[in-house]
Amino acid sequence: MNVVFMGPPGAGKGTQAKFVCEKLGIPQLSTGDILRASNAAGKLPAALVQAMDTGGLVPDDVVIGLIGDRINESDCVGGALFDGFPRTVPQAEALGAMLAARGLKIDIAIAIEVPSDLLIERTVLRRTDKRTGQIYHLKYNPPPPGADVVHRADDTEESVRTRLDAYARVTSAVIPFYEEAGVLKRVDGVGAVGEVTKRVLAALGV
Ligand code: AP5
């Protein structure tokens, strides 16, 4: 199954992706994670680091290239969960073409919906375990004592507001793209993590 997870920053895409990937036995392909790993390895050009840290989008050709390389890996043969990609209509078209060349398609696109006022708190108080990638929240799901957590450089209130704006101006156009393709499901992302997981799995029919 090839699945897209959409939603504004802090909607819970990464949190829910972990459960879904485990359940379906498919890899999580997060362009945000791939870009951060590249930055941590000192391989991301300074202009792209700047774009990410200030809440802007990385150019389409960069992320399309990253996903194009990643879906060639053997663990993607049975499908993948695309987390935070596509974020523009040209990215959605490119993903469709890359999958079609392999006789595949997006089976379902899940839009996780959360009101903007909750997203600032979710992102600014997020912490991520450096080693495992486990996502925590200082209020709702605090890291255990001794966990080695980081605060993302783009999780400042100012940067999150820019990311929310980019979502509203550009990325939200991908929702009608998948709606017209007949594969869009909307999921209410407000509530306990476990409740949202149940809604996501129900939308996926698993
Ligand atoms: P990316 O890493 O994709 O960030 P994002 O889309 O802004 O999403 P987040 O990771 O912030 O949120 P999430 O929805 O995964 O939420 P999470 O589960 O962590 O992208 C970062 C940047 O990279 C972009 O701004 C851009 O610059 C660049 N980029 C990436 N992909 C790109 C692309 N395709 N094109 C161009 N540029 C690209 O949850 C958030 C917090 O809430 C956590 O603390 C969590 O514990 C908590 N939480 C989760 N669920 C709940 C719940 N139900 N109740 C309470 N708290 C919850």
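We count ligands from 1, going down the list as the structure has it; atoms in each ligand are counted the same way. Residues take their numbers from the sequence shown, with the count starting at 1.
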With side chains defined as the heavy atoms from C-beta onward, is the minimum distance between E179 and R186 less than 4.5 Å?
yes
Is there side-chain contact between V200 and F5, with heavy atoms separated by less than 4.5 Å?
yes
Interfacing atoms of ligand 1 (cut-off 4.0 Å, heavy-atom, [X]):
{"X": "G56", "result": "25 (O), 26 (C), 27 (O)"}
{"X": "V58", "result": "36 (C), 37 (N)"}
{"X": "D154", "result": "21 (C)"}
{"X": "G14", "result": "13 (P), 15 (O), 18 (O)"}
{"X": "Y136", "result": "43 (C), 44 (O), 46 (O)"}
{"X": "V193", "result": "50 (N), 51 (C), 52 (C), 53 (N)"}
{"X": "G32", "result": "1 (P), 2 (O), 20 (O), 30 (C), 31 (N)"}
{"X": "T31", "result": "30 (C), 31 (N), 32 (C), 33 (C), 34 (N)"}

Please work out, at 4.0 Å between heavy atoms, whether the side chain, the backbone, both, or neither of [X] comes within that distance of ligand 1.
{"X": "V190", "value": "neither"}
{"X": "R36", "value": "side chain"}
{"X": "T88", "value": "neither"}
{"X": "T15", "value": "both"}
{"X": "Q16", "value": "neither"}

Protein residue, atom and distance nearest to [atom], heavy-atom basis:
{"atom": "atom 55 (C) of ligand 1", "answer": "Y140 CD1, 3.7 Å"}
{"atom": "atom 4 (O) of ligand 1", "answer": "R152 NH2, 3.3 Å"}
{"atom": "atom 43 (C) of ligand 1", "answer": "I135 CG2, 3.5 Å"}
{"atom": "atom 28 (C) of ligand 1", "answer": "L35 CD1, 3.8 Å"}

Residue pair [X] / [Y]: nearest heavy atoms and the distance that separates them:
{"X": "L24", "Y": "M1", "value": "CD1-SD, 3.9 Å"}
{"X": "G84", "Y": "T31", "value": "O-OG1, 3.3 Å"}
{"X": "C76", "Y": "I71", "value": "CB-O, 3.7 Å"}
{"X": "N2", "Y": "K105", "value": "CB-O, 3.4 Å"}
{"X": "A203", "Y": "I108", "value": "O-CD1, 3.3 Å"}
{"X": "L81", "Y": "V20", "value": "CD1-CG1, 3.6 Å"}

N/O to N/O below 3.5 Å, does that happen between [X] and ligand 1?
{"X": "G191", "result": "yes"}
{"X": "D83", "result": "no"}
{"X": "A11", "result": "yes"}
{"X": "G12", "result": "yes"}
{"X": "R127", "result": "no"}
{"X": "G10", "result": "yes"}
{"X": "R126", "result": "yes"}
{"X": "G84", "result": "yes"}

For [atom], which of [options] has the closest heavy atom?
{"atom": "atom 23 (O) of ligand 1", "options": "M52, Q134, R163", "answer": "M52"}
{"atom": "atom 41 (C) of ligand 1", "options": "R122, M6, K13, Q91", "answer": "R122"}
{"atom": "atom 3 (O) of ligand 1", "options": "Q50, K139, E195, R87", "answer": "R87"}

Using 0.5 Å steps for rounding, measure from the [atom1] atom of [X] to the [atom2] atom of [Y].
{"X": "R169", "Y": "T88", "atom1": "CZ", "atom2": "OG1", "value": "12.5 Å"}
{"X": "D33", "Y": "D83", "atom1": "CG", "atom2": "CG", "value": "6.5 Å"}
{"X": "M98", "Y": "I67", "atom1": "CE", "atom2": "CD1", "value": "7.0 Å"}

Are any side-chain N or O atoms of [X] and backbone N or O atoms of [Y], one a donor and one an acceptor, separated by less than 3.5 Å?
{"X": "K18", "Y": "I135", "result": "no"}
{"X": "E195", "Y": "G191", "result": "no"}
{"X": "K185", "Y": "L204", "result": "no"}

Look at atom CD of Q50 and say whether more than 12 heavy atoms of other residues, nucleotides or ligands are closer to it than 6.0 Å.
no
By the definition side-chain hydrogen bond (donor to acceptor under 3.5 Å, both in side chains), identify the one residue from D155, T123, T54 that meets it with R163.
D155
